[in-house]
There are 2 protein chains.
Amino acid sequence: MVIRTGSDPARVLREAGLRATPQRLAIVREVLERNHPTAGEVFEAVRLEFPTMGLGTVYATLNMMSERGLLNVLPVSDAVRFDANIQPHANLICNQCGSIVDFDDCDDVLAQLRERTSAGAGFAFAAEHIDLYGTCARPRRPPRTS
Amino acid sequence: MVIRTGSDPARVLREAGLRATPQRLAIVREVLERNHPTAGEVFEAVRLEFPTMGLGTVYATLNMMSERGLLNVLPVSDAVRFDANIQPHANLICNQCGSIVDFDDCDDVLAQLRERTSAGAGFAFAAEHIDLYGTCARPRRPPRTS
DNA sequence: TTTACTGCAAAGGGTTTGCATGAGG
DNA sequence: CCTCATGCAAACCCTTTGCAGTAAA
């Protein structure tokens, strides 16, 4: 079971052994609606609806969901970002505007890569993290500050 | 010009517009001899030779070298790691022992991946960051604590 | 009712910054 | 000599931890 737009978030959480609190449902919604947000970005968004929400709670929830396999973790330079797409995939990261979009049209190439690692040096493949940096077709300002 | 075992580090630094101080040469040596070290690991090693060395100096040097294209930056979960191999390549990261080894036997596959990104959505490729997680042939204890 | 989650505050750790001193070219 | 690098300390920011109160199941 995965979380995605259209699925029942409460059910997904409970199947993973997590309680479906209103705060958590809001966190799930923001992760789905936003573009690979950081914990801080989720916090800012959810706080509009739940002013008493604590940043620690956001971290606890996102980390819990990652441990249960509901989210992918993307360590980028400045902070950790979370992705509801738990399928192995590459990310296209724009150097101009900082956008991160999933690049799904390369499953066959990634499959080759995995096979190659098993063949070379007896490496038992488990997971991958693939970021491709460049400039996207329509970079929105502002250019990234980092 | 790249830094690698056998090349003249002082010359590489000066060609990049950096001064070749004894501290910097020691930092370069540690980056070459160690396995994708963090700034802290470089600091601990260089401090044996230069007891007055400051951690801030190590960060300044490594960041400067990264900006000049002498080092690759690897943001991993816990800290940033530095790599003297500036050729595009994949990293094999062992979940058991934390070792990071360059995986060079996949240049053709990575080339395919780059072409594919240009074809898809007009993304202008610039750089890549590819980590493959799994278990290496001979994991040395201890298993990673994180 | 029981267990897990929330909220809050404080601490932790990697990284950056500021500035005076000192050394490289 | 002038510029850049060093060394030291403090600040920064993301993230984690601890604990008492609260809500989910």
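Every heavy atom of this structure was used, including side-chain atoms; hydrogens, water molecules and symmetry mates were not. Labels below follow one simple rule: chain letters A, B, ... track the order of the sequence lines, proteins then strands, and each chain is numbered from 1.
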Practice problem: Return the value, rounded to whole Å, for the distance between atom CZ of A/Arg47 and atom P of C/dG7. | Solution: 12 Å

Quiz item: Does the side chain of B/Arg116 come within less than 4.5 Å of A/Val109's, by heavy atoms?
Solution: yes

Self-check item: Distance-only polar pair, side chains of B/His36 and B/Asp83, donor-acceptor under 3.5 Å
Solution: yes

Quiz item: So which one's nearest nucleotide on DNA chain D is more toward 5', B/Thr52 or B/Leu18?
Solution: B/Leu18

Exercise. Would you confirm whether A/Thr57, through its side chain, and A/Met53, through its main-chain N or O, come within 3.5 Å as a donor-acceptor pair?
Key: no

Quiz item: Any side-chain N or O of A/Gln23 less than 4.0 Å from the OP1 or OP2 oxygen of D/dA23?
Solution: no

Quiz prompt | Whole-Å gap separating P (C/dG24) and CZ (B/Arg11) | solution = 21 Å

Quiz prompt | For atom CG of A/Leu13 and atom C1' of C/dC5, their distance in whole Å | solution = 12 Å

Exercise. Report yes or no: is there a donor-acceptor pair, N or O only, under 3.5 Å between the side chain of B/Thr57 and the base of D/dG7?
Key: yes

Quiz item: Which one, D/dT15, D/dA5, C/dC5, comes nearest to the side chain of A/Thr21?
Solution: C/dC5

Quiz item: Does the side chain of B/Tyr59 get closer than 4.0 angstrom to OP1 or OP2 of C/dT15 through an N or O atom?
Solution: yes

Quiz prompt | d(CG, B/Asn63; C1', C/dG14) in whole Å | solution = 12 Å

Practice problem: Tell me which of A/Ile27 and B/Ala79 sits closer to the 5' end of DNA chain C, going by the nucleotide each one is nearest to. | Solution: A/Ile27

Exercise. Measure from the side chain of B/Arg19, starting at C-beta and using heavy atoms only, and say which of D/dC4, C/dG7, C/dT3 lies closest.
Key: D/dC4

Exercise. Measure from the side-chain heavy atoms of A/Arg24 and tell me the nearest of C/dT6, C/dG14, D/dT6.
Key: C/dT6

Self-check item: Comparing A/Gly54 and B/Gly40 on DNA chain C - which has the more 5′ nearest nucleotide
Solution: A/Gly54

Quiz prompt | Electrostatic pair A/Glu128:A/Arg114 at N-O distance under 4.0 angstrom | solution = yes

Practice problem: Using a 4.0 Å heavy-atom cut-off across all strands, classify A/Thr38 as base, sugar-phosphate, or nothing. | Solution: nothing

Practice problem: Using atom CZ of A/Arg81 as one end and atom C1' of D/dC13 as the other, report the distance to the nearest whole Å. | Solution: 14 Å

Practice problem: Select one nucleotide: of D/dA5, C/dG25, C/dT15, the one nearest the side-chain heavy atoms of B/Arg14. | Solution: C/dG25

Quiz item: Rounded to the Å, how far apart are B/Leu25 CG and C/dG24 C1'?
Solution: 12 Å

Exercise. Answer yes or no: is there an ion pair linking B/Glu30 with B/Arg47, defined by an N-O contact shorter than 4.0 Å?
Key: no

Self-check item: Interatomic distance, A/Phe50 CZ vs C/dC8 C1' [rounded to whole Å]
Solution: 18 Å

Quiz item: Expressed in angstrom and rounded to an integer, what is the separation of A/Met65 atom CE from C/dC5 atom P?
Solution: 12 Å

Self-check item: Nucleotide nearest B/Pro22 (side chain, heavy atoms from C-beta), chosen from D/dG7, D/dC14, C/dG24
Solution: C/dG24

Exercise. Determine the contact category for B/Ala60: base if any of its heavy atoms lies under 4.0 Å from a base atom, sugar-phosphate if only primed atoms, P, OP1 or OP2 are that close, otherwise nothing.
Key: nothing

Self-check item: Exam field: side chain B/Asn91 to backbone B/Ile93, donor-acceptor pair closer than 3.5 Å
Solution: no

